Each structure stands twice: as structure tokens, then as C-alpha cells.
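Since we're looking at a predicted model, the values are computed, not measured. Just follow the structure's listing: the first ligand is 1, and inside any ligand the first atom is 1.
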Amino acid sequence: MRGGLFITIEGGEGAGKTTLIHALAHKAQQQGHEVMITREPGGIPIAEAIRAVILDTGNTTMDARTEALLYAAARRQHLAEKVLPALEKGMVVICDRFIDSSLAYQGYARGLGIEAVWEINRFATEGNMPDLTLYLDIDPEIGLQRIEQNGEREVNRLDLENLAFHRRVREGYKLVEAKFEERFITIDASVSPEQIADQAWHHLEDKIAGKHKI
Ligand code: TYD
């Protein structure tokens with residue numbers, strides 16, 4: 001069994017992932033755990049460079065399969081260079097997005113097929129899956145409104161997709177949940193950030209306790 005704990009946070013646009021990640025990291029640190037926060041696509045120079053290509057609002061001609069392969073390539077590099085070494089040191093790794101984003105966005109919302117995108121990601125991850133995935137579920141209309149109100153956040157190529165796309169992303173996550181019930185927890189993200197953090201922490205604490213059981 002690998003050491004450490006690999007936690008991924010998923011959600012549509014404006015669901016509140018960043019706020020939650022910082023709250024969880026803080027609580028885990030208070031309990032004496034070594035925590036690493038990271039994000040996809042990116043987290044290290046090679047993956048950040050790939051991210052810049054994917055999210056460039058000028059790249060309007062990008063083919064959907066190219067997009068899926070680039071996400072998988074960035075994921076592989078980030079996993080090999082950053083996530084796996086931290087897990088080997090026994091750290092709690094909290095990652096903003098992972099494989100489920102590709103399944104929901106490219107597999108379902110872009111229409112490539114969840115199974116097809118799962119296949120290329122199996123190659124990329126070699127079976128290194130999260131111990132726990134917390135999905136922040138929000139009506140995309142509310143999520144997009146939250147983003148518009150948050151003027152500091154950069155607007156990327158996927159934000160520019162229409163509401164129907166973001167609705168499909170949400171449906172995609174529901175299918176992903178059904179495929180990975182054992183690790184995938186949905187949290188209602190329409191409530192306050194404190195309530196979201198409390199629920200999420202409850203699940204994370206259970207995982208930490210489970211991991212330390214002999
Ligand atoms: P980011 O600025 O990190 O947005 P967010 O704050 O919503 O996480 O941009 C990441 C975008 O990339 C986001 O729109 C979701 C999308 N994405 C995919 O489509 N597939 C993937 O595999 C990943 C990791 C992200």
C-alpha cells in the first residue's frame with residue numbers, strides 16, 4: 001500500500017474549490033499532518049506550459065481529442081514529478097481537479113465518451129487513483145454568476161463555453177459518481193463555505209482514521 005493520502009477536489013466553475021482546499025489543508029495541518037496543495041492542469045513547469053496551451057482563449061481551433069490528450073499529458077507529468085513523491089513521503093496531497101475532470105469535461109460534455117477518456121487516462125496514471133474525491137455540486141447558473149462577481153479570477157477558454165456545456169459537465173460528474181462510488185463523495189455546494197468545509201472535513205477525517213488503522 002502506498003503511503004500518504006491522495007485527495008482530489010472536483011466541481012464545476014464557481015463551486016468554491018479553492019476556498020475549500022485551503023480550509024481542509026489548514027485543518028489537516030492543525031492535526032499534525034504534512035500537507036501539499038496542488039492543482040491540475042499544472043503545478044509544475046512542464047504541466048503549467050501545457051496548461052497555458054490548453055486554456056489560451058486564442059486557441060479556438062483546438063480539437064477535442066487534442067484537448068483530452070493534453071490534459072492527460074499534463075496529468076502524467078504532474079503525477080510523476082510532484083504527487084507520487086509527496087505520497088511516498090507520507091504527505092496528505094490535496095489536488096484541485098484530477099482524472100474526473102477529464103471524464104466529465106472531455107468524456108461527457110465534449111462527447112468523446114467517458115470510457116474512451118478513461119482509457120487514455122489509465123495509461124497516464126497507471127492506476128494511481130485518489131483515495132478520496134470530494135465533488136462540489138452546484139447549479140452551473142449559480143456557479144457562473146459567482147465567477148462573474150469574482151473579478152480577480154482569470155477567464156479561461158473553458159469558462160467561455162455556454163451554460164448548456166456546463167450543465168453537461170454536471171451530468172457527466174453524476175455518471176462519474178456512479179462509476180466510482182467507493183471513493184467519490186458529492187457535497188452540496190450551494191450552502192455556506194463553512195458548511196461545505198465541515199462536511200468535507202468529516203469525510204477526510206474518516207479517511208485519515210481508516211488509513212492509520214492497522
Ligand atoms: P482553472 O482555471 O483551474 O479553473 P477552475 O478554477 O474551474 O478549476 O481551469 C481549469 C479548466 O480546465 C476548467 O474549466 C476545467 C478544465 N479541465 C478540463 O476540462 N479537463 C481536465 O482534465 C482538467 C484537469 C480541467
Side-chain angles (χ1 to χ4, degrees), residues 6-22 37-44 46-57 59-60 62-79 82-83 93-114 116-125 128-130 133-140 142-173 175-176 180 189 193 196:
F6 185 22
I7 313 296
T8 60
I9 311 295
E10 296 282 349
E13 318 300 312
K17 289 186 284 103
T18 310
T19 309
L20 174 64
I21 287 167
H22 286 102
I37 293 179
T38 188
R39 72 162 182 182
E40 273 209 1
I44 41 148
I46 293 173
E48 288 288 346
I50 299 173
R51 175 192 172 91
V53 174
I54 304 174
L55 296 179
D56 186 340
T57 48
N59 283 340
T60 50
M62 188 174 295
D63 174 76
R65 282 171 189 256
T66 307
E67 184 181 279
L69 289 163
L70 286 174
Y71 276 119
R75 177 160 304 125
R76 171 67 199 175
Q77 187 64 29
H78 176 245
L79 190 68
K82 198 166 175 191
V83 175
V93 176
I94 307 179
C95 187
D96 187 347
R97 299 193 182 279
F98 191 62
I99 194 165
D100 303 318
S101 285
S102 283
L103 301 177
Y105 282 76
Q106 283 68 50
Y108 191 75
R110 288 267 190 248
L112 293 178
I114 288 181
V117 175
W118 169 238
E119 283 307 319
I120 59 166
N121 276 279
R122 272 223 312 221
F123 175 76
T125 59
N128 287 290
M129 293 295 280
T133 299
L134 299 169
Y135 165 59
L136 300 189
D137 182 42
I138 188 91
D139 180 336
I142 298 172
L144 292 172
Q145 270 169 20
R146 283 185 185 169
I147 289 184
E148 274 164 30
Q149 283 156 11
N150 179 0
E152 282 173 26
R153 189 184 174 285
E154 67 187 270
V155 172
N156 69 51
R157 199 168 52 82
L158 280 98
D159 293 336
L160 299 178
E161 292 289 344
N162 60 24
L163 190 57
F165 177 82
H166 293 291
R167 291 218 170 98
R168 286 201 300 281
V169 169
R170 193 183 195 196
E171 281 169 32
Y173 273 121
L175 297 171
V176 171
F180 296 109
I196 295 175

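For R51, the heavy-atom gap to ligand 1 drops under 4.0 angstrom. The closest approach between any non-hydrogen atom of R75 and ligand 1 is below 4.0 Å.
The closest donor-acceptor contact from the side chain of N59 to the backbone of V53 lies under 3.5 Å.
Within the set H166, Q106, R39, E67, the minimum heavy-atom distance to atom 20 (N) of ligand 1 is found for Q106.
Taking 4.5 Å as the limit, every side-chain heavy atom of T8 sits out of range of all side-chain heavy atoms of E40.
L112 contributes atom CG, which lies 7.0 Å from atom CD of Q106 (distance to the nearest 0.5 angstrom).
Those atoms of ligand 1 with a heavy atom of L55 less than 4.0 angstrom away are 9 (O), 11 (C), 12 (O).
Remark: ligand 1 and Y71 share an N or O pair separated by less than 3.5 Å (distance only, no angle test).
Taking 4.0 Å as the cut-off between side-chain N and carboxylate O, E171 and R168 do not count as a salt-bridged pair.
Checked options F98, Y135, W118; the residue passing with F180 is W118 (criterion: ring-ring contact (aromatic ring centres under 6.0 Å, His included)).
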